[in-house]
Number of protein chains: 2
Amino acid sequence: MATIYQVAERAGVSLSTVSRVLNGRKTVNENLRAKVEQAMQELNYRPSSVARSLATSRTDSVGVLVSELNSPFFGDLMQAVESTLREADKHVIITVGHNNLETEKDAVEFLISRNCDALIMHVEAMSDDYLRDINANRVPISVVNRQVEGLESACVCLDNERGGYLATQHLIELGHTNIACISGPSKARDARLRLAGHRRALAEAGIPWSEQLYYEGRYQEEDGKQGLQTLLSRNKPFTALVCANDWMASGAMSCARDLGMNLPYDLSIIGFDDAVFAHHVYPRLTTVKNPIYQMGEMSARHILNAVYGQSLAVKTLFDPKLIMRESTIFHKA
Amino acid sequence: MATIYQVAERAGVSLSTVSRVLNGRKTVNENLRAKVEQAMQELNYRPSSVARSLATSRTDSVGVLVSELNSPFFGDLMQAVESTLREADKHVIITVGHNNLETEKDAVEFLISRNCDALIMHVEAMSDDYLRDINANRVPISVVNRQVEGLESACVCLDNERGGYLATQHLIELGHTNIACISGPSKARDARLRLAGHRRALAEAGIPWSEQLYYEGRYQEEDGKQGLQTLLSRNKPFTALVCANDWMASGAMSCARDLGMNLPYDLSIIGFDDAVFAHHVYPRLTTVKNPIYQMGEMSARHILNAVYGQSLAVKTLFDPKLIMRESTIFHKA
DNA sequence: TTGTATGCGTTATCAC
DNA sequence: GTGATAACGCATACAA
């Protein structure tokens, strides 16, 4: 590999000059610039990003920490982050946290040891305090899908409460009044908020909340099945079911079918997220869209602004949108 | 950030000694080692990976180039590669090629400019020559899901021909003799191989190949729909349909349903890949499993061996497996 | 505008 | 076993 010094020698200039044309400085004679560029060509010179990093103490890399890689949700997030950042010639180092505190902390240490200029994180286990500490004392961060007090401008997230509200409101508008709910784990913020929205919609419609129509899952497909069976066993009839994400909705749907129910006539089911498979299930799943791609883009933009001196427009709170498909239907009184 | 020099000063030794304990060299006095380690503790010292890279000309990073990020297939691949590599304290830099030659080349240049020690690639557009050139003159690579002549040991892939064979054989065993086929794009190697397997199964069973029962798609969901409609319009009856991937199978299924067909009784459909949504569609999709997770792991292992001096077991050719679900059924004569 | 000298934080090659 | 000293490839303050 050719170095800047060899280029300088061949072009008959000093290495400072080479460095200048390399960094697009205007203060360099056109003649010399041409010579240097030709020398670069001939030597097939490529700057060493490592050496540059050592000199500038910047790596042009941002660490990304997500819960999983093999899910449509995080796939979209990654895709958005990667392409936004790469447009700005930054790159992405990926790690996985598995929703586990130790793993998440490990990943953060790993990324910091790699001298990332910033971190984009989607974490569940890690505390707000920990996040604030990282941002204050270690490296700037952006948090996806979570509100951290004191870090508002660095957090991009969905209005989960409103999403929960929309889902239930939709069922109410269809005439349902006995509405069951399979929520996410109560220790998860987004799950709590979606549930709160659900309850607000019920309250506004004058429908009393019933513990019997409630089941707490952990966002897994299996929980949809377990949840539906449990709810059914309580002998309190319902004609519609809200699920806190699409996986559980899908689990509930297969379970319902296995039980001989005729969907959506016997039971309206609504999900949350609009995962890729939402329109693969049968009947196609009505759900609430989580605009994760845009959120990833905004998170990346925040970093671009905060760390790399750009000034892009960023939006931090996203509005969920109802996607009507065929898994919900009018309640026939 | 504390440097190695400050640690040396505090411990009252030279920086060579610090460097030695840092790298676990045995040739250092226990007393000094203790002093140094304490000094590191007190200063909360973290070695700079950048400086180390400059000195060793290794970055402990491997570049990964995949076609997309937001697909279950690549999600699994990434997950496998990341976790395998991180166990060995290497990290992963991700880029996306979008099945487009220019983008793929760009991504490779980008990764190389980042001084990756090696590349793991899943590319479609790039030529074999180009791949060989990268490996020979630039940086060691491993190729996923593709056979490159001369690079055999660096290629880990599925036996696509056998996969295609298995799918069709399964339908034949169910008694079907009129079997339509929606293949992938003929410019894609894996598509050609799957098709070859399909034809071999037909031939072995004495079923003549018919151009009328063949449609070439591009692996998109929409192609499943287009394909089925086209095939149906040709007035040559068939009772089973082979699709070269799950997306097209899913598209064909919804199309069939929209056309009023009763699945799987009116038409048996089989897919390929066993994507996550394969068991979400209704009826649950019979398909051929593509063990992408293991393939990713093996690809990472190959790099670990070739570049980082490890000696892990690697397997390069993977056997597809038939996953029987409910979308295929006996042909009633 | 151009060149010189120095630093970035390690590893590696020598002597001692 | 230990400690100077020179790379590694680039950026940058400063001098010319």
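First the proteins, then the strands, lettered A, B, ... as listed; each starts at 1. What you see is a predicted model; the values in this text were computed from it and never measured.
Pairs passing the ring pair (Phe, Tyr, Trp, His ring centres under 6.0 Å) check and including a residue from residues 3-29 of chain A, sequence neighbours excluded, do not occur.
Residues B:Asn290 and B:Asp273 bring a donor and an acceptor atom of their side chains to less than 3.5 Å of each other. Counting only N and O atoms by type, the side chains of B:Asn115 and A:Ser49 include a donor and acceptor under 3.5 Å apart. Donor-acceptor pairing under 3.5 Å is recorded for the side chains of A:Glu68 and B:Gln79. Using a 3.5 Å distance cut-off with no hydrogens or angles, the side chains of B:Glu42 and B:Gln38 do pair a donor with an acceptor.
Contacts between residues 109-119 of chain B and DNA chain D, defined by a heavy-atom separation below 4.0 Å, involve no residue at all.
When the side-chain hydrogen bond (donor to acceptor under 3.5 Å, both in side chains) test is applied to A:Ser61, the partners found at least two apart in sequence or on another chain are A:Thr59. Residues satisfying the side-chain contact (heavy atoms from CB on, under 4.5 Å) criterion with B:Lys187, sequence neighbours excluded, are B:Pro185. In this structure B:Ser57 satisfies the side-chain contact (heavy atoms from CB on, under 4.5 Å) test with no other residue, sequence neighbours excluded. Among residues two or more places apart in sequence or in another chain, the side-chain hydrogen bond (donor to acceptor under 3.5 Å, both in side chains) test is passed with B:Glu30 by B:Arg33. For A:Ala136, there are no side-chain contact (heavy atoms from CB on, under 4.5 Å) partners two or more places apart in sequence or in a different chain. Residues passing the side-chain contact (heavy atoms from CB on, under 4.5 Å) test with A:Thr103 are A:His98, A:Asn100, sequence neighbours excluded. Under the side-chain hydrogen bond (donor to acceptor under 3.5 Å, both in side chains) criterion, B:Glu82 pairs with B:Arg86, not counting sequence neighbours.
Rotation axes derived from the C1' atoms of the five outermost pairs at either end of the helix from C:dT1-D:dA16 to C:dC16-D:dG1 lie 40° apart, to the nearest 10°.
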Q: Give the B/S/- string for nucleotides 9-16 of chain D, one per nucleotide from 5' to 3', where a protein heavy atom under 4.0 Å of the base yields B, of only the sugar-phosphate yields S, and otherwise -.
A: BBSB----
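Per the geometry, CG belonging to B:Leu32 stands 9 Å off C1' belonging to D:dG1, to the nearest Å.
For DNA chain C, the contact window with chain A, defined by any atom under 4.0 Å from a protein heavy atom, covers C:dT1 to C:dG9 in 5' to 3' order.
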